[in-house]
Amino acid sequence: MLSGLYTALSGMNAHRQILDVTSHNVANQATPGYHRQMVDLRAGGLGASGIFAGSKYLPGGVDAVAVRRVLDTLAENRLVRETALDAGAMTLAINLGRLEMAFTEPSNDGMAALLDDFWGGWSDLATVPGDTAMRSQLLERSQSVIDSLRRASADLDAVALGAQQEIHALAADVNEIAARIAQMNGAIAGSPTTPNDLLDQRDALVRELSALTGAVARPGQGGQVEVSIGGRSIVYGANSQRVSGLGGTLTWEADGTAVLAPEGKAAALRTIIADVVPRYRTKLDAVAAALVNTVNGVHTTGYDLGGTTGRNFFDPAGVTAATISLSADVAGQPGNIAAGAPVFPGPTAPGPLDGELARAIALLADAATGPDSAYRSLVADLGVEVRAARQRSEVQGQVTAAAQQVADSVGGVSIDEEMVSMLAAQRGYEASARVLTTVDQLLETLISRTGVVGR
Amino acid sequence: MRVTNSMVLTSTLRDLNATLSRLQSAQIDLSTGRVVRKASDDPAKAAAAMALHNQIRRSEHRSRELTDAQGWLNVADTALVNGLDLLNRAKELASRAASTGATDAEARTAIAAELGNLREEMIAIANTKYLNRSVFNGTTTGDAYDLAGAYLGNDSQIMRAVAPGTVLRTNITGEEAFGVQASPEGDVFAVIDRLAAAIAAGDQAAMTAEQDNLDAARTRMASATAELGSRGARLDSIRARAAADEVSLRDTLSQIEDTDLAKALMDVKNRENAYNAALGAAARVIPNSLLNYLR
């Protein structure tokens with residue numbers, strides 16, 4: 001009969017443990033990366049233990065075998081991958097958005113408007129070729145176009161530089177996270193029981209690392225994971241490799257080769273630095289080169305106020321957006337702008353008030369392949385790319401949220417559920433205690449009230 | 001599907017965020033008055049808007065050239081009309097000298113003197129300026145004719161780009177309006193000079209010959225005036241068409257990049273309602289759990 005006491009005790013213990021786990025779940029319901037835990041119960045838990053070891057009676061009671069995390073591994077792995085894709089798409093969209101801000105179009109004060117003003121300056125000069133004020137105004141407008149090209153070029157530099165700095169900061173994060181994963185791997189391997197909370201924390205770190213670099217984790221021995229980036233291992237057991245972000249490129253510290261991050265933030269930043277910015281720089285330089293070459297091509301055939309010909313308007317050496325400048329001939333010397341077209345046959349100098357060349361230059365604005373159309377196609381291309389990146393990021397955000405929901409629907413903490421399990425455990429505990437009391441009373445009856453007949 | 005509290009919270013928050021962002025975008029449409037603010041808002045519309053902005057600004061440039069050309073043509077036209085009056089007067093004087101003045105030396109001298117004045121007046125007309133620039137001297141600086149009547153200009157043409165693909169000549173050179181000095185009969189000043197001399201001398205034969213030359217000069221000036229007039233008429237029609245084009249360009253641009261106020265107001269109202277509904281739903285759903293019912 002005494003075994004009943006222990007059976008009741010095992011019930012009380014098991015239900016107390018369920019209550020403990022429930023309270024742990026409720027406490028962590030908002031902890032990122034936490035998965036709800038559950039107590040595995042098994043009947044007959046008392047076993048052949050206690051003072052009745054070796055008893056011939058069947059052992060009774062219940063045993064709390066283990067506390068385990070509830071999670072769907074497939075959903076968790078998918079979430080890791082989607083998170084990496086999401087981080088990459090978002091980084092790309094943000095940086096492209098920054099790039100777009102370098103070109104404030106369509107507007108009345110962007111580079112397109114400045115270019116139009118520049119051509120308008122030539123058109124005005126054509127009507128009054130002798131007017132120095134008009135010539136000075138043309139020089140001012142040319143300088144505005146030059147300034148705006150240079151600023152756009154500097155903005156491109158700034159976007160690339162920003163991405164490089166982000167990679168630098170990212171390398172420090174990667175190293176820290178990798179070291180912590182390795183450390184936890186060690187702790188997990190050395191743990192005598194299943195260290196659920198450590199596993200949760202470690203998985204959250206893996207997800208973070210994956211968002212940064214597209215790292216993937218493979219299960220190893222004793223609950224450990226092996227993490228690799230682009231096929232090269234960064235965490236193995238309790239050891240981790242270090243990466244370096246010096247110079248804006250992610251490299252392995254061990255041998256200096258590039259880290260081939262397949263996805264995530266690092267890959268997106270790499271795309272910005274190595275593909276997006278150079279591509280738009282080429283386009284911007286083409287605008288500058290078209291401007292310099294078309295204007296100079298006409299300008300060198302013209303005659304200035306003093307009857308001199310063969311002068312360049314823009315410095316022919318500066319055919320990129322960063323180096324474009326007025327030629328030394330015309331800078332600060334409005335009289336040296338050639339407005340007069342040569343007279344044929346000859347060619348000889350035209351009359352001093354001839355403005356035909358200025359008109360010819362003004363008409364370059366309508367050319368189908370001039371700097372204007374090159375610039376417009378740059379803006380249109382950028383617009384399409386930014387929009388596509390933003391939409392991709394939005395869609396990826398929804399996919400990631402859906403993956404999160406699927407994972408949460410298995411592993412998340414539900415208050416209602418925990419309340420029910422709390423009630424059940426409480427009742428179970430009360431009932432077990434009641435059984436204990438009853439057995440105790442039976443013993444009391446047996447010990448105190450029996451054998452007193454005739455006393 | 002098993003639903004947890006944090007799932008409800010995050011999805012509610014995400015939906016609220018999306019609804020609010022739609023509301024904000026409608027509000028920005030309304031407050032800025034523009035739907036295409038960045039190229040990425042609508043790349044196709046943005047490209048069209050940029051092309052239209054460009055066309056409108058180019059049309060403004062041409063309109064400035066057009067105004068300049070019109071001013072130039074008006075000044076030249078007025079000058080030549082005055083010149084024609086002078087030539088008519090000269091013709092009248094010449095025929096008077098031929099008929100009545102032949103016997104009267106004093107009258108002939110007076111007529112010759114008036115012709116001299118008339119020649120000076122004609123030189124002044126030939127030196128007419130527009131914005132401080134002689135209209136009859138081609139592309140040279142300064143006056144078109146000196147006091148002796150010698151042409152100082154050249155025969156360059158002055159062009160204005162007044163419409164897309166249309167370049168119009170705005171000037172008439174001195175030689176075109178007043179005759180070529182080097183030709184056998186000389187320019188109008190030489191003709192008047194010789195006419196005055198013939199009248200003063202009473203040389204009937206010379207008088208008749210110069211009267212023919214005067215007629216030729218008058219015809220030349222009249223045709224130059226007609227030429228200016230026809231260019232002016234062409235400019236007028238170009239200006240009218242350019243103005244109509246610009247209005248339609250601006251209209252198209254406005255349709256592309258400006259906010260449709262009625263639509264934007266409806267959007268704001270609708271999205272505001274949607275946002276309020278989402279907030280209300282969230283406020284009802286989120287606080288609920290079994291806890292509320294357990295005692």
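Letters A, B, ... are given to chains in the order of the sequence lines, protein chains preceding strands, and every chain is numbered from 1.
Taking the side chain as every heavy atom from C-beta outward, A:W119 and B:R57 never approach each other to under 4.5 Å. Counting heavy atoms from C-beta on, the side chains of A:P129 and B:R133 come closer than 4.5 Å.
Options B:Q157, B:M7, B:R14 differ in how many heavy-atom pairs under 4.5 Å they form with chain A, and the most are formed by B:M7. Contact count versus chain B (heavy atoms, under 4.5 Å) is highest, among A:A388, A:G397, A:A365, A:S123, for A:S123. Chosen from A:D117, A:T104, A:N108, the residue pairing most often with chain B at heavy-atom distances under 4.5 Å is A:N108. Comparing A:A112, A:A30, A:A380 by heavy-atom pairs within less than 4.5 Å of chain B, the highest count is held by A:A112.
Residue B:H61 holds its NE2 atom at 7.0 Å from CG of A:D124, rounded to the nearest 0.5 Å.
For the pairing with A:E105, the side chain to side chain contact (heavy atoms under 4.5 Å, CB included) check across B:R37, B:K38, B:M50 returns one residue only, B:M50. If you run salt bridge (Lys or Arg N to Asp or Glu O under 4.0 Å) between B:R58 and each of A:D366, A:D116, A:D372, only A:D366 comes through.
For B:M1, the part lying near chain A is the side chain, with the backbone staying farther off; criterion is any non-hydrogen pair under 4.5 Å. B:N288 does not touch chain A: none of its heavy atoms, backbone or side chain, sits under 4.5 Å away. For a residue to count as touching a neighbouring chain, one of its non-hydrogen atoms must lie under 4.5 Å from one of that chain's; by this rule B:N154 touches chain A with the side chain only. Using a 4.5 Å cut-off between heavy atoms, B:V167 contacts chain A through its side chain alone, with no backbone atom that close.
A salt bridge between A:R359 and B:E65 is absent, with no side-chain N of the basic residue lying under 4.0 Å from a carboxylate O of the acidic one.
When atom types are taken as modelled, the side chain of A:R376 and the backbone of B:A47 share no donor-acceptor pair closer than 3.5 angstrom. A distance-only check finds no donor-acceptor pair linking the side chain of A:Q29 to the backbone of B:S6 [under 3.5 Å].
A side-chain donor-acceptor contact under 3.5 Å links B:S40 and A:R390.
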